[in-house]
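No experiment lies behind these values; they were computed from the predicted model shown. Just so you know, ligand 1 is whichever comes first in the structure, and atom 1 is the first atom listed for that ligand.
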Amino acid sequence: MQVAVRRPRRLTGTITPPGDKSISHRAVIFNAIAEGEARINNYGPGADCQSTLRVLRSLGTQIDSNGSSLMVQGGTLQEPIDILNTGNSGTTTRLMAGVLAGQSFLSVMTGDRSIRSRPMGRIVDPLRLMGAQVDGRDGGKLAPLIFRGGTLHGIEYRLPVASAQLKSALLLAGLFAEGDTVLAQPALSRDHTELMFRAMGAEVTEDGLTVSVKPARLRAIDVTIPADISSAAYWLVAAVCHPDAELTVMGVGTNPTRTGILDALQAMGADLSIINERIEGGEQVADIIARSSRLHSIEVAGDLIPRLVDEVPILALAACFAEGTTVICDAAELRVKESDRLQATSKELTRMGASVEELSDGLRITGGHTLTGARGRSYGDHRIAMTLGIAGLLASGETTIAAADAASISYPSFWDDLASLAEGVKS
Ligand code: S3P
């Protein structure tokens, strides 16, 4: 699917982004291995979240869906009769690796081309240290992955990357292990697993950057998923960079391990009002109003990166509209996401007239160049597709985006939402 986007004269309206992808995966996986039955409301509609449902159903979990509501029957997983296919979803692959490592049956898991090129050694190595019998292509570095069970024992382990997927995989394996699993993180990554484990009765302790879990059988709980801040980010950047805009984004999850994008935009001078802050289902939620703003450059590095890891492409677009030079570094992880996002962001925004230089671990963006519509491509990556859609809302002339349907990995209604806010969008 190709989409064409033009800059609207005004950009106003109210948007409710879809249910958070990270929390959705966790709610259904954790309830599938828990004791009892649970309802999940506002489950993420994207293809990645559907991949998790497919994998769990292949493992014998009964999941009934009614729109965005799911009923999950927790219980014992069974040996699957075929290869488990995780599609494009890194979170499904990594979190399920932690679950499968702790089962007594054989399973094989693979995904699409992108998944088969993403690093899995970071998961396989510590799972083997825990006693799991795991194999994979290239000595266990790449999917397909094979799990043959094994008796797991807890380990003390220093995570080589600040990855919530890795942390969650090991915490999940730790539930099935003997003894404590103790993980030292290089920086804090999203903590949805820790919060939900606790709510489901597991003993999770945190001491600075160290997180530990004791073996446990989780208890099923109902979960209502907040709107995804990673999806909200596109509208916030659209509004603050457009000269005549006010957008309200409703019910956004504002867990502090995810709000790096709000901190970065506010540090750039963005006019954001965070209102109606509340706690829903153990997670912080708020409505956010974003208005046209005069932005200036900042430096983005270190501990902030894991708090906005999926928002780097859209933050780079915001930096194109900021006065001065914004430097994003310590972000080498972006090279091993659904695409090499540093390269894709730099290439595609440069094609539109921006000054975006690729660094080995980040981007250097000099603002103040106006963007001109161009023919862009998504690299099959949802975050690149949506970043280019917003770039099209801010550029002169027409921007076309090839393979724009990649957005449906996390946000299937993205192009409809964009069309509802701005005239001049055709697919
Ligand atoms: C996720 C963690 C992040 C993020 C991904 C979802 C999660 O990956 O990029 O989209 O749900 O745990 P890493 O933690 O591996 O960086």
Side-chain angles (χ1 to χ4, degrees), residues 17-30 43-44 46-49 51-52 55 86-99 111 114-115 117-124 126 143 159-172 183 185-197 209 211 223 225-226 228-234 253 255 257-261 283 302-315 330-342 344-345 361 381-387 406-407 409-411:
D20 187 276
K21 183 161 83 69
S22 289
I23 302 176
S24 294
H25 288 299
R26 286 161 173 78
V28 68
I29 294 172
F30 301 174
Y43 187 74
D48 271 8
C49 292
S51 291
T52 291
V55 166
T86 61
N88 189 242
S89 177
T91 310
T92 310
T93 311
R94 302 228 176 82
L95 269 59
M96 286 308 299
V99 172
S114 152
I115 280 294
S117 69
R118 295 182 66 183
M120 296 297 157
R122 58 176 65 178
I123 300 218
V124 169
L159 305 181
V161 275
S163 158
Q165 293 180 351
L166 169 56
K167 172 174 64 175
S168 302
L170 301 182
L171 292 174
L172 277 160
L183 308 173
Q185 314 176 67
L188 189 61
S189 61
R190 64 195 67 190
D191 67 354
H192 305 301
T193 297
E194 295 88 314
L195 291 178
M196 212 179 282
F197 268 21
L209 290 174
V211 53
V223 183
I225 317 269
D228 199 325
I229 190 167
S230 296
S231 302
Y234 299 99
N255 175 315
T257 62
R258 296 284 299 281
T259 47
I261 185 65
E283 291 274 0
D303 293 356
L304 186 53
I305 296 294
R307 295 180 55 236
L308 49 67
V309 65
D310 291 334
E311 288 68 75
V312 168
I314 192 67
L315 180 62
D330 302 325
E333 268 298 288
L334 268 84
R335 296 207 180 273
V336 292
K337 293 290 180 189
E338 287 84 328
S339 70
D340 177 342
R341 288 183 176 159
L342 298 180
T345 302
D361 69 343
D381 183 330
H382 54 135
R383 307 249 176 247
I384 302 299
M386 292 188 278
T387 296
I409 287 292
S410 58
Y411 195 163

Specify the protein heavy atom at minimum distance from [atom]: its residue, its atom name, and the distance to 0.1 Å.
atom: atom 8 (O) of ligand 1; result: K337 NZ, 3.0 Å
atom: atom 4 (C) of ligand 1; result: D310 OD2, 3.2 Å
atom: atom 15 (O) of ligand 1; result: S163 OG, 2.7 Å
atom: atom 14 (O) of ligand 1; result: A164 N, 2.5 Å
atom: atom 11 (O) of ligand 1; result: S22 OG, 2.7 Å

Ignoring hydrogens and geometry, is there a side-chain-to-backbone donor-acceptor pair from [X] to [Y] under 3.5 Å?
X: D330; Y: G302; answer: yes
X: D191; Y: E194; answer: no
X: D310; Y: S230; answer: no

Heavy atom under 4.0 Å from ligand 1: found in H25's side chain, backbone, both, or neither?
neither
Checking heavy atoms under 4.0 Å, the part of H192 that sits near ligand 1 is neither
Could you tell me whether some N/O pair between [X] and ligand 1 is separated by less than 3.5 angstrom?
X: Q165; result: yes
X: S168; result: no
X: L166; result: no
X: R94; result: no

State if R26 counts as touching ligand 1 under the rule of any non-hydrogen atom under 4.0 Å.
yes
Nearest 0.5 Å please: distance from the NZ atom of K337 over to the CZ atom of R118.
6.0 Å
Using a 4.0 Å cut-off to any heavy atom of K21, which atoms of ligand 1 qualify?
10 (O)
Considering the heavy atoms of V309, write down every atom of ligand 1 situated less than 4.0 Å from one of them.
9 (O)
Side chains of [X] and [Y] only: does a donor on one sit below 3.5 Å from an acceptor on the other?
X: T86; Y: S51; value: no
X: S189; Y: K167; value: yes
X: H382; Y: S410; value: yes

When R341 is tested against each of I384, V309, T387 for side-chain contact (heavy atoms from CB on, under 4.5 Å), which residue passes?
I384
What do the steps show when you test R26 against L172 for side-chain contact (heavy atoms from CB on, under 4.5 Å), and what is the final call?
CA-CA 10 Å; R26 286 161 173 78; L172 277 160; over 6 Å; no
